[in-house]
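These notes concern the structure reproduced below.
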Amino acid sequence: MPSNPPVVVTGATGLIAKHIIGELVRRGHSVRATLRRMNKAEDVRRAVTRLGCDPAGVTFVVADLLADAGWDDAVAGSAVVVHTASPFPIQQPTDPDDVIRPARDGTLRVLKAAARAGVKRVVLTSSSVAIFYGSGLPAGHIYSESDFTDETRADLTPYIKSKTIAEKAAWQFVKSTPGAPELAVINPCFVQGPALDADLSTSHELYRLMARGVYPAVPRIRFPVVDVRDVAAAHVEAAFRPEAAGQRYLIGEGQLGLYDLGRVMVRELPDLKSKAPKFQLPDIAVRALALVDKRMRTILPELGEMKDYANARAKAELGLTLRSADEAVTAAVRSLRDLRLI
Ligand code: NDP
């Protein structure tokens, strides 16, 4: 039977949240999930069912990161809140506040409501992007949980700033607020692994665009990768292991280029060969394009970059065995074909 009280998961319609809810249900917990529109609850139940779990113990509360309404009800009587909700747009907004406000203000709303309700622990979904963009680091630096992005850097996207500002605000809040809950932070790399329905995360939207032939060529950029199933397990471990309080966990296994993602897609689904990226753009061409195309400017710092990073803490303290980048991407592509989305 599901445990009582429920574990709260915010942003239930998101890819990562659906996998976390499934993982919690699998381990016998009941879940109270937040979403912006109640008419999306059935989609979440279907996704949980797709994971082989019974959604009967999942209940829903409506709450928006940009408003106070609903948050006290969402966390009432709970000991653990997993806060995943945050905008992750495939295209960067013109006004950075469109993503920074919900990320930062929403995180503080959740933490304040959790403090008022006497919640014991909040697990925050941050991102590797809150780690990978420091200032003045030497070449060959190995990134780890000790690093923080410098959000004052002029070359960062609004999304990168939003995740960094939100995570820093969370740490500041728990440090300065008597009676605040414990905080544990998960910093996932680029999330791959199985999609559960047609409401695609930016992680999967990329393949839908590739499969339509939108990217005949791609820039030479690489992503540290992680499987969403491991990200879900990391959140649940961080929710209940005593030693996770006050820690951040960088979760990733290997890295792949944008071009490699297309190659895996074609290896798994040869019928998409004519649509997948055919070659990598030389960096000089991307720099030239960036003179006239604003969207290109946001990827200039990434060109040809390899990010070495350490994932030892997550493995040791959360007991994770992480799937390889290839396994994660293969699962993503196969799931999208099973769902008839590519
Ligand atoms: P999704 O886009 O699938 O999920 C984002 C979730 O945030 C949705 O549930 C969305 O709700 C919710 N949300 C956005 N704006 C608001 C708002 N104003 N009020 C309430 N809810 C809101 O993305 P993912 O599952 O991939 O991402 C989940 C989290 O993981 C995010 O914090 C993201 O930054 C982080 N992350 C993701 C990575 C990835 O590669 N996917 C990597 C590292 C971190 P709605 O459906 O209503 O829009």
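Counting convention: from 1, in listed order, for ligands and their atoms alike.
- Classification of R337 and E268 as a salt-bridged pair fails, no side-chain N sitting under 4.0 Å from a carboxylate O.
- Nearest protein heavy-atom contact of atom 27 (O) of ligand 1 is I16 CD1, 3.9 Å.
- Salt-bridge annotation for R27 and E23: present, with a side-chain N of the basic residue lying under 4.0 Å from a carboxylate O of the acidic one.
- With salt bridges taken as basic N to acidic carboxylate O contacts below 4.0 Å, one links K307 and E302.
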Salt bridge (charged side-chain N to carboxylate O under 4.0 Å, His left out) between R323 and E253, intermediate numbers included
CA-CA 7 Å; R323 292 168 176 84; E253 187 65 275; over 6 Å; no
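- Atom NZ of K273 has 12 or fewer heavy atoms from other residues, nucleotides or ligands within 6.0 Å.
- Atoms of ligand 1 found under 4.0 Å from any heavy atom of V191 (numbered from 1 in listed order, with element): 38 (C), 39 (C), 40 (O), 41 (N), 42 (C).
- Close contacts between ligand 1 and R37 involve ligand atoms 47 (O) [criterion: under 4.0 Å to a heavy atom].
- At the top of the distance list for atom 43 (C) of ligand 1, counting protein heavy atoms only, stands P188 O, 3.3 Å.
- By the 3.5 Å distance cut-off applied to N or O atoms, D64 is counted among the residues near ligand 1.
- Interface atoms of ligand 1 facing K163, defined by a heavy-atom separation under 4.0 Å, are 31 (C), 32 (O), 33 (C), 34 (O).
- Of all the listed residues (G11, S86, A85), S86 holds the heavy atom that lies closest to atom 5 (C) of ligand 1.
- Atoms of ligand 1 lying under 4.0 Å from any heavy atom of F190, numbered from 1 in the order shown and given with element: 40 (O).
- Annotation: atom 19 (N) of ligand 1 to nearest protein heavy atom, L65 N, 2.9 Å.
- For the pair R248 and F148, the cation-pi criterion (under 6.0 Å, within 45° of the ring axis) is fulfilled.
- Counting non-hydrogen atoms of neighbouring residues, nucleotides and ligands closer than 6.0 angstrom, the CZ atom of R26 exceeds 12 such neighbours.
- Linking Ile, Leu, Val, Met, Phe, Trp and Tyr whenever their side-chain heavy atoms come within less than 4.5 Å puts L206 and V218 in one cluster.
- In terms of protein heavy atoms, atom 9 (O) of ligand 1 is closest to T13 OG1, 2.7 Å.
- Nearest protein heavy-atom neighbour of atom 42 (C) of ligand 1: C189 O, 3.3 Å.
- For ligand 1, none of its N or O atoms has an N or O atom of S128 under 3.5 Å away.
- Scanning the protein heavy atoms around atom 4 (O) of ligand 1, the nearest turns out to be G14 CA, 3.3 Å.
- Ligand-side atoms of ligand 1 in range of T125: 29 (C), 30 (O), 32 (O), 35 (C), range being under 4.0 angstrom from any heavy atom.
- Between K18 and D43 no salt bridge is recorded (no basic side-chain N to carboxylate O distance below 4.0 Å).
- A donor-acceptor pair is defined here as one N or O able to donate and one able to accept, closer than 3.5 Å; such a pair exists between the side chain of H204 and the backbone of G193.
- Salt bridge absent: R46 and D197 never bring a charged side-chain N and a carboxylate O closer than 4.0 Å.
- For S126, every heavy-atom contact with ligand 1 shorter than 4.0 Å involves the backbone, none the side chain.
- The single protein non-hydrogen atom nearest to atom 34 (O) of ligand 1 is Y159 OH, 2.6 Å, given as residue, atom name and distance.
- Across every non-hydrogen atom of A217 and L281, the tightest pair is CB-CG, 3.9 Å.
- Residue-ligand proximity, S203 to ligand 1, at heavy-atom distances under 4.0 Å covers atoms 39 (C), 40 (O), 41 (N).
- At the shortest separation from atom 23 (O) of ligand 1 among protein heavy atoms lies S201 OG, 3.7 Å.
- Within the 4.0 Å heavy-atom shell around ligand 1 one finds T84.
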